[in-house]
Amino acid sequence: MSGPVEGEAAAPPAVTPQAPNDPAAPAKTDPKETKPADDGASKKPSGAELKKLKQLEKQAKRAQAKAIVPPATQQGGPPKENQKQREQKQSQKKDESRPLPIRRRPSQSNAVPQQQAKKESTRGQKNLGLFFGHLYSQPRQHSMVGASKDVHPAVLALGLQYSSYVICGSTARMVAMLLAFKAVIESYQTPVGTSLARHLTNHHLSPQIDYLRSCRPLSISMGNAIRWLKDLIIKIDPSTPEAEAKRDLVEEIDMFIRERVTAAQKLIRDQAATKILPGDVILTYASSSIVEQTLLQAHKAGVPFTVIVVDSKPLFEGKTLARKLANQGITVRYYLITGASHAVKDASKVFLGAHAMMSNGRLYSRVGTALVSMLARSHSLPVLVLCESVKFTEKVALDSIVGNEVAPASEILSEAERASLLPLEPHLPATHPSKNKAEDKHAADDAKSGPLDVIKWVEGSDNLHHLQVLYDVTPAEYINMVITEYGSLPPSSVPVVHRLSTNT
Amino acid sequence: MSVHTPTADKPLPDFDIVSTYRSILAGDAELTMPVAAIEALVEAIAHSSVSTVAETLALLEHHTAVLKAEIANPISLSAGTDLFQRYLITTLNRPAALNLAPGDDFRAIRNHLLSNGRLFVDRAKQSREKIASFGKHFIRDGATVLTNGGSRVVGALLRRAAESSTMRFRVVYVLSGSESSDTIEGDQIVADLRAHNVPVATVPDSAVAYSLGEVDMVIVGAEGVVENGGIISRLGTYQMGLLAKSKGKPFYVVAESHKFVRLYPLSQFDLPIEQKVLEFRVADDTKGTASKPSEDEGFFDMHGAKPKCSGVNAHDAVDFTPPDLISGIITESGVLTPSAVSEELIKIWF
């Protein structure tokens, strides 16, 4: 954090509108804003005089930078917000200094992780038109930098698996979380002067949950499981010896997974498989583990049927499903959602997985599900939703705008697609900030603009936004049946079963 | 009681559930299938010498299976047997609820069961009158009611409405020409209503759409009310529902709550019974090809379908009316929306 960084920032023309992304960013922060830790860091090697000198230097540079930055980039975002973002960038910067091995998302190239987070923070500056601005409140974290020191290593690892979609799917995420919490509980020691029931939830479990939330918003099922676990912990008798309480908790977690997931899935697939009749053509969207289990069970039972998998950007989860089913000998047709209207014509039933079932009977599931169910409805195909009751929620959703999850927009464009857009570079408007930057680069080290720059073009432009929501809401009218471990229900019975499953 | 059921592992008493069921049904014209089934099961337990909980349940399961296998259309019947079985399981698992001391032997539990089982049957019989008193308020003065089939609940409701002097209403009664038990029952209701000075017009199935313009509301009975709130009823009810919906006429279903059955059909061809309605044939092909699900419903074959144990011929065939066509279900515990049926069923089962 000293010599070379300062030197780089000293080259004035490099401080362009993109400057905040520059590694020199901390250099521009106010002395007041500077975190004490940073002060300490600079103090150690140089001493008080050196520090003062540096501060003077910094101030001079800041004035310079301010003069150069065109007002256009300052639009939107009150100063307070800017300050926050700067702080975030600071932490990101630290990240750069010691890169971590992170598993990549499919659409991600090598250098993306840090930049992504930065981009998300700059996002806030842009006027996010449409209705989705409120979903960008929390930038997603793709590293364990900045995590509280209380966060357990198992949870740290899990968070990275969430943000990179290695563990994906509402149920899988919930189970993985509970398993990680088992490790957390096992290694937990109640501090002196407090009791497990009081300390564990608020002071030990909460940081873990906060960290997981920063990696990817919690799923409904995770929320339900957390509520259940907290309730369980609070009810522990304070006189119980710690070892015993911990053992009980771990056992309870195992039981929860066994009852609410493993056994529930068995019941659901047993029941759902009977709905697959010989000659049926089952249409499914994206990928759901319970739908997959059901199809395989029916196939093993010898029912002759075929499957149509409809899939879409950006996760292409259906590819995996189609491959698995085909490997088991089921005839599978694979469509992208653009061909869904054709796919629906050939299908006889629609099986869908769920992220959550809302109390007004609506289905909250992977974006695109509503489209497929609407098509199915218009062809009067029965739409069956397979969902464990642990994914039921008392929340209601009227549309997919108020509550949703926004994934990093850059995932919309795959590596190949970015590369194919590169030849368009000469068409960028001359005032475009990234164009300037590219020129700078050419001048400086003759670097060729890579696929990553395409994202920057979009980020830099004022009137083009990426929007990638992960879920949508399917109206209850499009759903004929919800199969749960409590039996088959009409969507209107979701609140009844939810009450039943939370009270008992 | 003559037929001995040869079971290999368990020596079950020789009790002919099917003939008992038939004689109960024949003995009391007011009885519905589920209630008759429950009564037959109570009888079966009374005749047996079961001495443990497990034995009782095994006996019940055996008789239920036999009964379901022997009766051509066990949907309505299974509502009763399932309900009774559920009731037994809950009471047997919680002997404390019976106010029995732990020292009491199984005989006491059994006697309690038997008396309660009979109570169950009595209550089920009374429910029809209760429904009639609820449902008659749905008929307004000057209304014209469309109905079909030979449902006794609908008959009771219309009679009750006719008896009240404040209401004048007319009835359009859909009667198919065939000689099924439904038609006989229907003729009886029509005669009764006419005796009560209610103007009744009888029309064939094909005249439903034609007469709908004159009709203010539709009331139908049901063999079974399924979990999503739809009903299983005499063939032709579905088309009445579709037509009523398209003309914006309210479509009410009258059914006792013991007809609620844990079944969830997705379509007409998703019923657990085999129906000989769609039989595709060509000339000089005597053995009709098996019925194949098809979008076209209008075709049905009246002759040639020999009454067999499995398979229901066209006279007695049923169809499934989906819940979105139904305005309300009138039961003895109140008037429910279709979506409340599942709630009621969950209450019974969990």
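As a basis for the values below, the full set of heavy atoms in this structure was taken, side chains included, without hydrogen atoms, waters or symmetry mates. Here is the naming used below: chain letters follow the sequence lines, and residue numbers restart at 1 for every chain.
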Self-check item: Part of residues 344-368 of chain A lying next to chain B, heavy-atom separation under 4.5 Å
Solution: A/Lys349
Quiz item: Do any of residues 268-290 of chain A come closer than 4.5 Å to chain B, heavy atom to heavy atom, and if so which ones, in number order?
Solution: A/Lys275, A/Leu277
Taking all non-hydrogen atoms of both residues into account, name the closest pair between [X] and [Y] and its distance.
X        : Y        : result
B/Glu343 : A/Ser493 : N-OG, 4.0 Å
B/Glu227 : A/Ser488 : OE2-O, 2.7 Å
A/Met481 : B/Tyr264 : CE-CD2, 3.0 Å

Exercise. Compare all side-chain heavy atoms of A/Pro490 with those of B/Ser339 and state whether any distance is below 4.5 angstrom.
Key: no
Counting neighbours of [atom1] on [X] that are heavy atoms of other residues, nucleotides or ligands and sit closer than 6.0 Å, is the number greater than 12?
X        : atom1 : value
B/Lys130 : NZ    : no
A/His342 : NE2   : no
B/Arg123 : CZ    : no

Quiz item: Yes or no on side-chain contact (heavy atoms from CB on, under 4.5 Å) for A/Leu489 and B/Asn228, after CA distance, side-chain angles and deciding distance?
Solution: CA-CA 6 Å; A/Leu489 320 160; B/Asn228 57 359; over 6 Å; no
Quiz item: Between A/Pro491, A/Pro382, A/Pro495, which has the largest tally of heavy atom pairs under 4.5 Å with chain B?
Solution: A/Pro382
